[in-house]
There are 2 protein chains.
Amino acid sequence: MVLSTKDKILAKALILFNEQGSDFVTVRHIASELGISHGNLCYHFANTDVIIEALYQQLVDKLNELTKEMTGLSENQLTILYQLSYRSFEILYQYRFLMLDFVRIMRRIPAIKLHFKALMQIRQEQFTYIIASMQSNSFIDIPEKNIAPLIEQALLFGDFWISRAEILFDGNEQEKIAYYHKTFYALFEPYLCDNADW
Amino acid sequence: MVLSTKDKILAKALILFNEQGSDFVTVRHIASELGISHGNLCYHFANTDVIIEALYQQLVDKLNELTKEMTGLSENQLTILYQLSYRSFEILYQYRFLMLDFVRIMRRIPAIKLHFKALMQIRQEQFTYIIASMQSNSFIDIPEKNIAPLIEQALLFGDFWISRAEILFDGNEQEKIAYYHKTFYALFEPYLCDNADW
DNA sequence: TAGAATTTAGAACAAATGTACTAAAAGTAT
DNA sequence: ATACTTTTAGTACATTTGTTCTAAATTCTA
């Protein structure tokens, strides 16, 4: 399978962004790594911000696809929550520079900031729905006043575990994801009912 | 009270960093805002990294002072945990650019990264101690296996609530701090005992 | 195959930045 | 008052970067 120049640029940019951060990496670096001229690169993507937007879109598409796939499953909601979050963690890690440079990117690229705010709104509603649904199935038992904080905690953790791991975690990628996902899931554990078997 | 040039530089740099992020702000910007030459500024601080290190040191000093002050109190540990975290949140917010540009700064300035890793180690031990202490006083009741995840969650939240707030929270500074601190404190609520009166 | 569209390489330019240097000004100590 | 140190302003230079432009090469299409 042969990648188009556009795709090659995106793939290489993702690697460099993840390794070095979204600043430090310029159109010239990416072009140089690919062995093409930066003039050519700028023909496809005017600047690094455009590349970042394209990669962000890739991430969103992958997450949407995952959500669609998982909601079709017939497993119980607890299992779905577990697997959905695990696979989300894996996908997020692929695009980790977006999380590592979170604020900087949002400040620089208003389009991404707007989209992200909307995305968070949706995710919050999804969480609310899943929790209500688990509540009614007696998988979990959460006092009403604890629901909103729990969702906030979960969303925040989901966005920033990668940043913390980048500085503090010693271990390979798989261990990293597994460890932080386990810690993430532990947010819900105090509320699990006994009949939440899985 | 007249500030020395050094202190004026640090104060202005803090403002600019918080507003615009630690990149975008250069020695020339800071000098220009202060109405001094950048040559003069570089006489005091060779470059922005040195300024960032100095501000980081200010933050650490303030947090240490707070810790010392609070451990001298005779209140119960739950109250201390509450107040210590609240005032830590306030101090962190003063130096929020350090958290907003967390990964970037750690990557750029190895000295800060090393120090921060050591600091996290200490904070983890402090948390462990406080929790064990509250446990023995029957303020809280946490299953052994939930302690480590809870501490990890608390430390992660403490570091990154500012980043999340920067993008998503609409409201003034005091509301922001109060909201996120409340959410932070909610991490402990599932484990509070009834006799944890306050 | 001829012509058109797309893709590519490379040069050129302006702006910004870190860094170093010089010399003047201000302050301090003897 | 004189010599010395610290502080300040301003200049200069090399590098990097984003951006634009030109022309050649390649691919596509009819």
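Below, chains carry the letters A, B, ... as their sequence lines are ordered, and counting in each starts from 1. Note: hydrogens, waters and symmetry copies are ignored here, and every other heavy atom, side chains too, is used. Note that the structure is predicted; figures quoted are calculated from it, not measured.
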Whole-Å distance separating the [atom1] atom of [X] from the [atom2] atom of [N]:
X        : N      : atom1 : atom2 : answer
B:Ile9   : D:dT8  : CD1   : C1'   : 11 Å
A:Lys6   : C:dT6  : NZ    : C1'   : 11 Å
B:Asp49  : C:dT17 : CG    : C1'   : 13 Å
A:His44  : D:dT26 : NE2   : C1'   : 12 Å
B:Arg108 : C:dT17 : CZ    : P     : 12 Å
B:Arg28  : D:dG10 : CZ    : P     : 13 Å
B:Phe45  : C:dG18 : CZ    : P     : 15 Å

- Query: Taking atom types as modelled, is there a side-chain donor on B:Asn76 or B:Thr79 under 3.5 Å from an acceptor on the other?
  - Reply: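 Present: a donor and an acceptor within the cut-off.
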
- Message: OP1 or OP2 of C:dG10 versus the side-chain N and O atoms of A:Asn40: is any pair under 4.0 Å?
- Response: no

- Can you find a side chain N or O atom of A:Thr5 that sits less than 4.0 Å from OP1 or OP2 on C:dT8?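 Yes, because at least one side-chain N or O of A:Thr5 sits under 4.0 Å from OP1 or OP2 of C:dT8.
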
- Determine whether the aromatic ring centres of A:Trp161 and A:Tyr179 lie less than 6.0 Å apart.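 No, too far apart.
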
- Are any side-chain N or O atoms of B:Asn47 and backbone N or O atoms of B:Cys42, one a donor and one an acceptor, separated by less than 3.5 Å?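 No.
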
- Message: Would the base of D:dT17 count as contacting A:His38 through its side chain, where contact means a donor and an acceptor less than 3.5 Å apart?
- Response: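 No.
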
- Output yes when A:Arg123 and A:Asp159 qualify as a salt bridge under the 4.0 Å nitrogen-oxygen rule, no when they do not. yes

- Query: Closer to the 5' end of DNA chain C via nearest nucleotide, is it A:Tyr43 or A:Gly39?
  - Reply: A:Tyr43

